[in-house]
Visitor: 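One structure follows; several queries about it will come next.
Side chains included, hydrogens not; waters and symmetry mates left out as well; all remaining heavy atoms used. On a predicted model such as this, the values are computed, not experimentally measured, just so you know. Chain letters run A, B, ... following the sequence lines, proteins first and then strands; every chain starts at 1.
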Number of protein chains: 2
Amino acid sequence: MVKSYSQIKQPTLTMTQEEKQTGQIILEAARKVFQKSGLGGARMQQIADEAGINKASLHYYYRSKDKLFQAVFQEDFRRFMIPLSGILFRETELTVEERITTFVRSFLRTLIENPHLPLFVIHELTRNPDRLLDMVQGRSVHMEEGDGLDYGKREPNLFLRQIRDGIEKGKYHKVIPEQFVISIIGMCVYPSIARPIIRHWLRKDDDQYNEFLEERQSEVIDYAFRILIKDYKPYEHQFNEF
Amino acid sequence: MVKSYSQIKQPTLTMTQEEKQTGQIILEAARKVFQKSGLGGARMQQIADEAGINKASLHYYYRSKDKLFQAVFQEDFRRFMIPLSGILFRETELTVEERITTFVRSFLRTLIENPHLPLFVIHELTRNPDRLLDMVQGRSVHMEEGDGLDYGKREPNLFLRQIRDGIEKGKYHKVIPEQFVISIIGMCVYPSIARPIIRHWLRKDDDQYNEFLEERQSEVIDYAFRILIKDYKPYEHQFNEF
DNA sequence: AAATAATTTAACCAAATGGTCAAATTTTTC
DNA sequence: GAAAAATTTGACCATTTGGTTAAATTATTT
């Protein structure tokens, strides 16, 4: 017996092992195509081919192109934001220096391992800023318990407050904390986003460019400390854990 | 008498005053739509509506969507690159400090005045990196004499060499010049590219965000100097010209 | 002002796209 | 192992898309 389309038990809600696999294959294929071509440029047929299945099966697992996109985007958005919310702004006992060191390392690692991530996330977020609200508050069927995004408490944000404290105590230079934070993130993200331009300028191939990004870790940490810390002596962050 | 399509004298090659105007109107409409939706997402009908003309006229002035896109992209690419090639890398008599100060100011100004510029350029360049070659060497019918792009001489690039000299003389900290340059650019570009995310984080409206970018000018210059210069005293760049 | 060239327009067109559906096939249940 | 449920598939559809064309309109030339 064949059920009409709308009566089909939703596979995303009742995945057995095999179903989960197929759903996962589709998701990865979709990620590849969406990251390369964006929501508008991606073709359902292309995703089906990439996944090695029939186009109709895409709609069986994910009702529409947009639903499929949402599933992909939500994961990528979280992956992009985890170092931010998890290290930079979470209310843990970390010092400013530890936050910066750990953040830069883990963020640049994420970017090396996911070269298309930031441009994809930022581009789609710019195209449709409403997604931000969906991401930050909303919890979709594809997210698990505790996956809610969280920049950390706002106002007063602990990290920003730590920086202000250090400035008041004369330990740090007089920076504008928000500008300083954006600068660190920008120093990390930009070379990933502008990869083709910079690669062209420096005449590097893909592997050489990844080395350039590896080398960048300690460089950016140095820069950040030099901007912030008054009596900074280079390389001391290399003796940290991690 | 009506000429067949291919026999029509190409308007882009023989623009009278009125033609130039119409062509310009189309170009501006196309820029708006392309910047908002990208090459794939933009619709010719949407551009025609925006320009207030018939869709067929678009093809009369620019043979195809891709030709129109190229005309738009070429201009935007150049606008994006001018501060880089014109200030940072041009072989003029500027000091490192002057280059940095002037570059950051003019670059951030460009970004404030053209909010969609960098994401548009970088996104389309990532989608189709071959355009880079077209841009750098090629000279299209839409570019005028002397418009050829030029990063400046490569290897040895004067700016990089100036930094290396300063390091050798003990005047500058021991940075990797390429990484340092990318960092300055990243500190400028990132807040423009990630506008929706940062706006959301800082809870700023459009005007407030532009103020944030204005305020950023001296902040980034401070950061750059603090990273580079050993005995840097803040605010001295404010006494420069410009 | 007639002839000619340039521009604008409405009506079309072929191809591509997201999506649907009923039938066929495979897997699970009893 | 038969019945039921879940999955996969090829064929199909309505809409949208970039692009074309011939006729109508406007500018220019002589």
Visitor: Round to a whole Å and report the spacing from NE2 of B:His59 to P of D:dT17.
Guide: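 After rounding, the reported distance stands at 13 Å.
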Visitor: Between C:dA22 atom P and A:Tyr60 atom OH, what is the distance in whole Å?
Guide: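 Result: 16 Å.
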Visitor: Is there a side-chain contact between A:Gln35 and A:Asp76 in this structure, where contact means two heavy atoms from C-beta onward sitting under 4.5 Å apart?
Guide: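 Yes, side chains in contact.
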Visitor: Roughly how many Å is it from CG in A:Asp66 to C1' in C:dT17, rounded to a whole number?
Guide: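 Roughly 15 Å, once rounded to whole Å.
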Visitor: Among C:dT8, D:dT8, D:dG19, which nucleotide has an atom closest to any side-chain atom of B:Ser64?
Guide: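 Nucleotide nearest to B:Ser64's side chain: D:dG19.
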Visitor: Establish, from distance only, whether the side-chain atoms of B:Gln70 and B:Asp66 form a donor-acceptor pair under 3.5 Å.
Guide: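 Indeed, the side chains of B:Gln70 and B:Asp66 share at least one donor-acceptor pair under 3.5 Å.
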Visitor: Nearest of C:dT8, C:dG18, D:dG19 to any side-chain atom of B:Lys65?
Guide: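 From the listed options, D:dG19 comes nearest.
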Visitor: Which residues in residues 44-52 of chain A have at least one heavy atom lying under 4.0 Å from any atom of DNA chain C?
Guide: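 Residues of residues 44-52 of chain A under 4.0 Å from DNA chain C: A:Met44.
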Visitor: Does any part of the side chain of B:Tyr223, heavy atoms only, come nearer than 4.5 Å to the side chain of A:Gln179, both counted from C-beta?
Guide: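 A:Gln179 reaches B:Tyr223 side chain to side chain.
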Visitor: Measuring only between side-chain heavy atoms, which start at C-beta, is B:Val181 closer than 4.5 Å to B:Ile185?
Guide: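 B:Val181 reaches B:Ile185 side chain to side chain.
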Visitor: Looking at A:Glu113 and A:Arg109, is any side-chain nitrogen of the basic one under 4.0 Å from a carboxylate oxygen of the acidic one?
Guide: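 Salt bridge flag = yes for A:Glu113 with A:Arg109.
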Visitor: Within residues 29-42 of chain A, which residues have any heavy atom lying less than 4.0 Å from an atom of DNA chain C?
Guide: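 Listed by number, they are A:Ala42.
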Visitor: Please find the pair of heavy atoms, one from A:Thr92 and one from A:Leu158, that lie closest to each other, and give the distance.
Guide: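 Smallest heavy-atom distance, with atoms named: O-CD2, 3.7 Å.
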Visitor: Donor-acceptor pair, A:Lys36 side chain versus A:His116 backbone, under 3.5 Å?
Guide: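 Pair absent, no side-chain N/O of A:Lys36 close to backbone of A:His116.
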Visitor: To the nearest Å, how far apart are B:Gln21 CD and C:dT8 P?
Guide: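 To the nearest whole Å, that distance equals 11 Å.
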Visitor: Check whether the ring centres of A:Phe34 and A:Phe120 lie less than 6.0 Å apart, and answer yes or no.
Guide: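 No: the rings miss the under 6.0 Å criterion.
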Visitor: Could you grab the distance from atom NZ of A:Lys204 to atom CZ of A:Arg199, nearest 0.5 Å is fine?
Guide: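 Here the rounded value is 11.0 Å.
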Visitor: Salt bridge or not between B:Asp49 and B:Arg43? Use side-chain N to carboxylate O under 4.0 Å.
Guide: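 Result for this pair is no, no salt bridge flagged.
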Visitor: Take the protein atom OH of A:Tyr61 and the nucleotide atom P of D:dA6, then report the distance between them rounded to whole Å.
Guide: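 Nearest whole value for this atom pair: 12 Å.
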Visitor: What protein N or O atoms touch nucleotides 11-16 of chain D N or O atoms at under 3.5 angstrom, if any, and at what distances?
Guide:
none

Visitor: Let me know the distance between CD1 of B:Ile53 and P of C:dA6, rounded to the nearest Å.
Guide: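 So the two atoms are 18 Å apart, to the nearest Å.
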Visitor: Indicate yes or no: at least one non-hydrogen side-chain atom of B:Leu68 is less than 4.5 angstrom from one of B:Tyr61.
Guide: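 No, their side chains stay 4.5 Å or more apart.
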Visitor: Could you tell me the separation between the NZ atom of B:Lys67 and the C1' atom of D:dG18, rounded to a whole number of Å?
Guide: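 These atoms are roughly 14 Å apart.
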